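Have a look at the structure below, then the notes.
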Amino acid sequence: MDHFIYNNGVLHAEDVSVKEIAAKVGTPFYLYSTATLQRHYTVFDEALDGLEHKIFYAMKANDNMAVLRVLAGMGAGMDVVSGGEYAKARAAGVAGDMIVFSGVGKTEAEMWQVLNGGIRQFNVESEPELRLLSKVASAQGKVAPITLRVNPDVDAKTHAKIATGRSENKFGIPMAKAREAYAEAASLPGLEVVGIDVHIGSQLTDLAPYRLAFSKVAELAEALRADGHDIRRLDLGGGLGIPYQRSNEAPPLPVEYGQVIRETVGHLGCEIEIEPGRLIAGNAGLLVSSVIYLKQGEGRNFLIIDAAMNDLIRPAMYEAHHDIIAVEEPEIGVEPAPVDIVGPICESGDTFSKSRLMPPLKSGDLVAFRSAGAYGAVMASEYNARPLIPEVLVQGDQFAVVRPRPTYEEMISRDTIPHWMES
Ligand SMILES: *Cc1c(COP(=O)(O)O)cnc(C)c1O
């Protein structure tokens with residue numbers, strides 16, 4: 001559920017008209033709803049009711065500082081995957097002991113930074129990482145709390161580019177090598193084993209892979225305890241999918257996901273950690289764009305809009321579907337017709353949708369991409385020298401620009417000219 005609804009024939013974000021925001025901010029822009037972010041956090045929190053648990057928002061989904069502040073205000077911790085994300089989380093007011101550090105390629109500099117600033121745990125993904133972290137922590141006179149991310153070799157049945165739990169993927173330590181790796185971790189100075197970590201992929205629309213992966217983790221937890229390790233936390237990752245196509249998708253609900261967690265690992269008495277990203281931010285955001293031209297091709301019509309693949313890359317990168325709706329509610333009885341919805345970039349890949357049924361639209365009309373709050377703005381670029389588009393946050397009847405559109409001067413001035421070219 002979200003808070004983007006038609007009201008008097010115009011799409012609203014909570015109590016604000018999207019048309020009104022577009023008139024003030026200019027298109028294209030991202031638009032986020034505070035109430036929706038809060039609701040999604042609460043739904044996860046309630047799904048784990050009765051289990052000792054903590055939620056670490058995977059901030060790579062949407063790391064706008066205002067979004068982080070909303071979630072931190074709800075009590076969320078953060079799952080970070082870089083020194084930059086760690087710095088942003090801290091700047092948003094998140095305490096070090098509410099941050100977990102994930103990722104296959106943590107550098108020595110990032111380890112220094114995070115140990116120095118304070119961290120709840122490192123989710124370590126390889127033996128070489130263990131050794132480097134041991135060295136860095138020892139040199140700092142610190143003890144790094146760690147889990148090892150295991151790769152359970154399960155098929156998450158999601159898009160190949162976002163599946164992470166197969167043995168062919170670069171993530172985690174194979175289950176068969178896990179006990180050996182934990183033994184090494186326990187023998188190294190500067191490390192303290194606190195649990196196990198797993199994350200099998202993103203946009204999962206079936207609970208069976210979770211059930212399989214978590215059962216394997218439960219088995220491993222018992223084996224590791226028998227080996228003498230203090231397994232007290234289980235980080236179960238994120239990945240629960242959202243309905244991108246509302247007319248025919250109904251992915252499992254967080255409450256059902258919570259039930260799988262209870263049934264597979266509930267008996268272990270571990271503190272449960274989860275790292276949802278997409279499900280918290282995805283449906284809390286729209287991408288709002290306007291129609292530039294309606295162009296009639298040979299046998300097809302193109303709706304050319306002012307948003308492009310540099311603003312939202314998911315369709316080009318993952319063949320992703322986004323529902324796209326008119327900001328002015330179509331009148332009842334108006335016949336939709338198929339159009340190809342495309343951006344202005346000089347690549348055929350800059351196509352958001354082919355043969356999409358849309359109501360009649362003309363130049364200047366506004367459209368909104370649903371489910372654009374996650375992996376949208378964070379993956380944007382300035383390809384074709386198109387400045388990064390603004391982000392707007394709504395709360396009730398208020399809205400604010402939470403990232404302004406850079407001017408051309410600002411965009412240009414980030415490049416510098418070498419001294420030998422200065423005259
Ligand atoms: C990307 C990622 C997540 C979040 O995945 P979502 O599908 O956005 O919920 C959580 N944990 C790790 C380690 C990740 O890489």
Side-chain angles (χ1 to χ4, degrees), residues 37 40-41 43-44 47-48 53-64 67-68 71 76-82 84-86 89 99-106 110 114 119-126 129 146-152 156-166 169-173 195-207 209-210 213-214 217 233-244 251-254 257-258 260-261 272-285 314 317-318 320 371-379:
L37 289 166
H40 291 160
Y41 176 84
V43 165
F44 269 116
L48 298 179
H53 68 272
K54 285 197 170 62
I55 300 172
F56 299 89
Y57 167 60
M59 59 182 276
K60 74 175 191 280
N62 183 326
D63 64 12
N64 185 281
V67 169
L68 301 185
L71 293 167
M78 299 289 155
D79 170 39
V80 309
V81 292
S82 70
E85 284 195 351
Y86 179 84
I99 300 176
V100 299
F101 190 10
S102 302
V104 289
K106 302 178 194 80
E110 287 172 326
V114 162
I119 186 79
R120 176 179 168 85
Q121 83 205 22
F122 287 83
N123 293 330
V124 173
E125 300 222 15
S126 66
E129 184 190 334
I146 62 143
T147 69
L148 287 181
R149 176 171 175 178
V150 292
N151 185 324
K157 300 198 182 73
T158 183
H159 190 278
K161 285 185 184 157
I162 48 176
T164 58
R166 289 308 292 270
N169 301 131
K170 67 182 175 183
F171 301 97
I173 290 168
I196 308 174
D197 172 49
V198 69
H199 171 73
I200 57 174
S202 194
Q203 186 55 17
L204 270 72
T205 53
D206 181 0
L207 291 176
Y210 280 125
F214 298 167
V217 166
R233 296 179 192 162
L234 296 181
D235 184 334
L236 301 176
L240 195 58
I242 62 172
Y244 279 101
L253 301 172
Y257 166 79
V260 171
I261 292 176
I272 302 301
E273 304 174 329
I274 58 168
E275 304 168 343
R278 189 187 309 270
L279 202 142
I280 288 187
N283 280 329
R314 298 192 64 262
M317 181 131 155
Y318 310 115
S371 315
Y375 307 106
V378 283
M379 295 180 92

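Atoms within each ligand, like the ligands themselves, are counted from 1 in listed order. What you see is a predicted model, and the numbers here were worked out from it, not measured in a lab. We count residues from 1, following the sequence as given.
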Taking the side chain from Y57 and the backbone from N62, do they hold a donor-acceptor pair closer than 3.5 Å?
-> yes
Look only at the side chain of H53 and the backbone of I272, and say whether a donor-acceptor pair between them is shorter than 3.5 Å.
-> no
Within a distance under 4.0 Å of any heavy atom of P276, pick out the atoms of ligand 1 and give their elements.
-> 9 (O)
Residue set satisfying side chain to side chain contact (heavy atoms under 4.5 Å, CB included) with D63, at least two apart, ordered chain then number -> M59, K88, V378
Polar side chain donor-acceptor pair, E125 to N123, under 3.5 angstrom = no
Under-4.0 Å heavy-atom contact with ligand 1, by part of I162 that carries it = neither
Ligand 1 atoms nearer than 4.0 angstrom to some heavy atom of G238 are 9 (O), 10 (C)
With atoms numbered from 1 as shown, which atoms in ligand 1 lie under 4.0 angstrom from a non-hydrogen atom of A58?
-> 3 (C), 4 (C), 10 (C)
Could you tell me whether ligand 1 has any atom less than 4.0 Å away from a heavy atom of A61?
-> no
Shortest protein heavy-atom distance from atom 7 (O) of ligand 1, along with the residue and atom involved = S202 OG, 2.3 Å
Which residue and non-hydrogen atom of the protein lie closest to atom 13 (C) of ligand 1, and at what distance in Å?
-> E275 OE1, 3.5 Å
Expected output: side-chain D79 to main-chain F56 donor-acceptor under 3.5 Å | no
Between G239 and ligand 1, does any nitrogen or oxygen pair lie at a separation below 3.5 Å?
-> yes
Hey, is the main chain of I242 close enough, under 3.5 Å, to the side chain of R278 for a donor-acceptor pair?
-> no
Under 4.0 angstrom from ligand 1, any heavy atom of L279?
-> no
Quick one: does V81 get an N or O within less than 3.5 Å of an N or O on ligand 1?
-> no
Shortest protein heavy-atom distance from atom 14 (C) of ligand 1, along with the residue and atom involved = K60 NZ, 2.8 Å
Heavy atoms only: give me the nearest Y210-D206 pair and the separation to one decimal.
-> CD1-O, 4.1 Å
Does T158 use its side chain to pair, donor to acceptor, with the backbone of S202 at less than 3.5 Å?
-> yes
Is there a nitrogen or oxygen of Y375 sitting under 3.5 Å from a nitrogen or oxygen of ligand 1?
-> yes
Between E129 and K106, is there a side-chain N and carboxylate O pair less than 4.0 Å apart?
-> yes
Quick one: does F171 get within less than 4.0 Å of ligand 1, heavy atoms only?
-> no
